[in-house]
Amino acid sequence: MRATEQRLRAEIVATAHALDAAGLMPNKSGNVSARVPGGFVITPAGLPYADLTPELVVGLALDATSEPAGLRPSSEWRLHAAIYSARPDAAAIVHTHSPQATALACAGRGIPAFHYMIALAGGEIRCARYATFGTAELAASAVAGLEGRRAALLANHGVVAIGHSLRAAHSVAFEVENLAAQYLALLSAGLEPGLLEADELERVIGKFADYGRLVGHPVKSP
Ligand SMILES: [Zn+2]
């Protein structure tokens, strides 16, 4: 195994542990993957995150049509494969059922550009059409929802976030949950958020690129 893949496997374990500890992966839900030459490596199905080690991370070819023998990959491996195929900019994917964002997704609501931190996702976050978990239909729906973005909600399901590193995908997933909590608080208070203008959003996206924040870890606001 290449040193790069070994490093990515260790990073997947660390990312999954951090997301689980933060409460973003309730009841073994969610999954984490990273691109490797010719395919990707992904968290296995049905294993408590506390028991996850780098050796238990599962490797899959990008064009896989069925699960490999041995340890089963996450049930959402088709979702990850479809995103890596459609998005050359995705080097890592984090999928969660994080509570606040999933609440919005269960109402079929995306997250509008009400706070500048949504620039981490590349703009307004869509809620992708519902399809059964683990299916190619869900994978296609997620790819459509992610068009031009680094995050999408999945209706009646959860969140998918991508990045050009595991740190970046982790950071986007973390911020989606934060924004969802803020948006739900506004809605709960009966308040209608003010939205950023498109040109202002573009300016913030440019500033984030300058700061290198699109590759950063879960971030504090400046
Ligand atoms: Zn899921």
Side-chain angles (χ1 to χ4, degrees), residues 12-35 40-52 56-58 60 62 64 66-68 71-87 90 92-111 121 125-147 149-163 166 168-181 184 218:
I12 282 173
V13 172
T15 303
H17 284 166
L19 289 163
D20 189 34
L24 270 58
M25 311 283 249
N27 198 24
K28 298 187 284 184
S29 63
N31 30 73
V32 178
S33 73
R35 192 193 289 272
F40 59 100
V41 283
I42 185 167
T43 47
L47 188 75
Y49 288 112
D51 297 342
L52 181 63
L56 297 176
V57 171
V58 181
L60 273 169
L62 199 53
S66 59
E67 294 181 3
L71 197 63
R72 291 171 56 212
S74 155
S75 58
E76 292 297 359
W77 62 270
R78 287 183 181 82
L79 173 87
H80 292 249
I83 293 170
Y84 287 124
S85 295
R87 294 291 295 265
I93 301 171
V94 168
H95 165 57
T96 77
H97 295 183
S98 64
Q100 311 276 345
T102 300
L104 282 174
C106 291
R109 298 277 288 255
I111 305 177
I125 298 167
R126 304 182 191 99
C127 184
R129 183 176 51 81
Y130 178 80
T132 309
F133 81 92
T135 61
E137 289 74 21
L138 177 62
S141 176
V143 167
L146 281 167
E147 189 177 353
R149 301 287 187 273
R150 285 180 289 274
L153 304 188
L154 306 175
N156 309 93
H157 186 153
V159 176
V160 63
I162 67 175
L166 276 159
H170 180 183
S171 180
V172 173
F174 188 88
E175 190 55 41
V176 171
E177 180 65 1
N178 189 38
L179 289 165
L184 277 173

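Any value given below was found using the heavy atoms of this structure, including those in side chains, with hydrogens, waters and symmetry copies removed. Nothing here was measured: the structure is a model prediction, and the numbers come from that model. Every number for a ligand or one of its atoms is a count from 1 in the order of the listing. The first residue in the sequence is number 1, and the count goes up from there.
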Kindly assign one of parallel, tilted or perpendicular to the pair H80 and Y84, based on the angle between their ring planes and the thresholds 30° and 60°. tilted
For I42 and P73, work out which heavy atoms get closest and say how close. CG2-CB, 3.8 Å
List for me each residue that meets side-chain contact (heavy atoms from CB on, under 4.5 Å) alongside L184, sequence neighbours excluded, and say none if there are none. Q100, A103, L104
Identify, with sequence neighbours excluded, every residue that meets side-chain contact (heavy atoms from CB on, under 4.5 Å) alongside A152. L146, V160
Under 2.8 Å from the Zn ion (ligand 1), how many protein N/O/S atoms do you get? Just the number, please. 3
May I have the list of side-chain donor-acceptor pairs in residues 18-28 shorter than 3.5 Å, sequence neighbours left out?
none

Within 6.0 angstrom of R35 CZ, more than 12 heavy atoms from elsewhere: yes
